[in-house]
Amino acid sequence: VFNSPLPLTNVYVTEYYMICVAFVPLFITEYRNGHISVDMFVKLVPAGLRRAISWVVQAVFIAVYAILAAQSWEQFAAKLSVGAYAMEQTSRVILWPSFLMLPVAFGLAALLMTAKLVFDLLGRPVPAAPSHAPDGVEDREAAHV
């Protein structure tokens, strides 16, 4: 507005805010079953095979999230050990805490997927997330029940 940007805005937005916005919602989206799914062909197979396919897909996602969590934990540990920071203008901004967001996000997603798989294998319903749909709009999951 006054042609004088706030100091350190660039580093905080790129190193903290954007990471939070991009990765922390993984857990929330998974909890609400909000990820995009295409099950056009799966609906054509018998129910038993459909359940088995679901279990395999969940196991693959657990493995991927766990691998991403482990890999990002290594990055966090490396940045922590050197005390990673950035110099912006004349200020030193510590960066290593931002690297913790990724393993936490991926780890929580892996744990949630594991819990969902265990519930599914035991034949118990997964506790549903509260609906945040506006009034008059049905929840996608509730519409399929």
Side-chain angles (χ1 to χ4, degrees), residues 5-89 91-145:
L6 296 172
L8 308 176
T9 301
N10 188 37
V11 72
Y12 282 117
V13 167
T14 57
E15 299 295 337
Y16 285 93
Y17 178 74
M18 293 306 290
I19 294 171
C20 280
V21 168
F23 292 103
V24 172
L26 276 176
F27 175 81
I28 297 165
T29 305
E30 189 59 52
Y31 179 65
R32 293 180 180 170
N33 293 316
H35 287 291
I36 296 171
S37 66
V38 179
D39 52 4
M40 192 166 61
F41 299 111
V42 175
K43 287 185 176 184
L44 301 175
V45 300
L49 182 57
R50 201 174 349 186
R51 238 181 344 269
I53 290 170
S54 173
W55 294 338
V56 169
V57 169
Q58 288 179 40
V60 167
F61 270 100
I62 290 166
V64 168
Y65 281 140
I67 290 167
L68 288 170
Q71 187 66 32
S72 58
W73 180 263
E74 288 179 15
Q75 280 282 34
F76 165 69
K79 298 298 182 181
L80 176 63
S81 69
V82 296
Y85 66 92
M87 290 301 293
E88 180 81 14
Q89 297 167 356
S91 301
R92 180 177 165 176
V93 179
I94 298 171
L95 296 181
W96 62 263
S98 69
F99 285 87
L100 183 59
M101 289 183 242
L102 292 175
V104 167
F106 291 133
L108 285 174
L111 288 174
L112 178 63
M113 289 294 294
T114 302
K116 283 183 165 185
L117 180 59
V118 168
F119 272 97
D120 205 11
L121 289 171
L122 294 174
R124 294 185 175 174
V126 177
S131 175
H132 295 288
D135 290 338
V137 177
E138 286 187 34
D139 188 16
R140 180 174 54 134
E141 289 296 317
H144 291 299
V145 174

Any pair with a residue in residues 98-125 that passes salt bridge (Lys or Arg N to Asp or Glu O under 4.0 Å), sequence neighbours left out, goes on the list, sorted by first then second residue, please.
->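 Listed by first then second residue: Glu30-Lys116.
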Pairs flagged by salt bridge (Lys or Arg N to Asp or Glu O under 4.0 Å) wherever residues 64-81 is involved - sequence neighbours left out |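 Qualifying pairs, neighbours excluded: none.
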Rounded distance (nearest 0.5 Å) linking atom [atom1] of [X] with atom [atom2] of [Y]:
X: Leu80; Y: Leu95; atom1: CG; atom2: CG; value: 12.5 Å
X: Ser98; Y: Tyr12; atom1: OG; atom2: OH; value: 11.0 Å
X: Glu15; Y: Trp96; atom1: CD; atom2: CH2; value: 14.5 Å
X: Leu122; Y: Leu117; atom1: CG; atom2: CG; value: 9.5 Å
X: Met101; Y: Met18; atom1: CE; atom2: CE; value: 12.0 Å

Minimum heavy-atom distance [X]-[Y], with the two atoms named:
X: Tyr65; Y: Leu26; result: OH-CD2, 4.0 Å
X: Ala69; Y: Pro103; result: O-CB, 3.7 Å
X: Val45; Y: Arg50; result: O-NH2, 3.4 Å

Residues forming a ring-ring contact (aromatic ring centres under 6.0 Å, His included) with Trp73, sequence neighbours excluded =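 Scan of Trp73 (ring-ring contact (aromatic ring centres under 6.0 Å, His included), adjacent residues dropped) gives Phe76.
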Considering residues at least two apart in sequence or located in another chain, which fulfil the ring-ring contact (aromatic ring centres under 6.0 Å, His included) criterion with Phe106?
->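 Phe23.
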Side-chain contact, heavy-atom cut-off 4.5 Å: Trp55 with Leu121?
->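 The answer is yes, as the side chains (C-beta and beyond) meet within the 4.5 Å cut-off.
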For Ile53, look at atom CD1 and say whether over 12 heavy atoms of other residues, nucleotides or ligands are found less than 6.0 Å away.
->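 Yes, enclosed.
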Taking atom CZ of Phe61 as the centre, report whether more than 12 heavy atoms of other residues, nucleotides or ligands fall under 6.0 Å from it.
->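 Counting other residues, nucleotides and ligands, CZ of Phe61 stays at 12 neighbours or fewer.
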With sequence neighbours left out, what residues match [X] under side chain to side chain contact (heavy atoms under 4.5 Å, CB included)?
X: Ile67; result: none
X: Pro25; result: Thr29
X: Ile28; result: Arg32

With Thr114, which residues qualify under side chain to side chain donor-acceptor pair (under 3.5 Å), at least two apart?
->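 Partners of Thr114 under the side chain to side chain donor-acceptor pair (under 3.5 Å) test: none.
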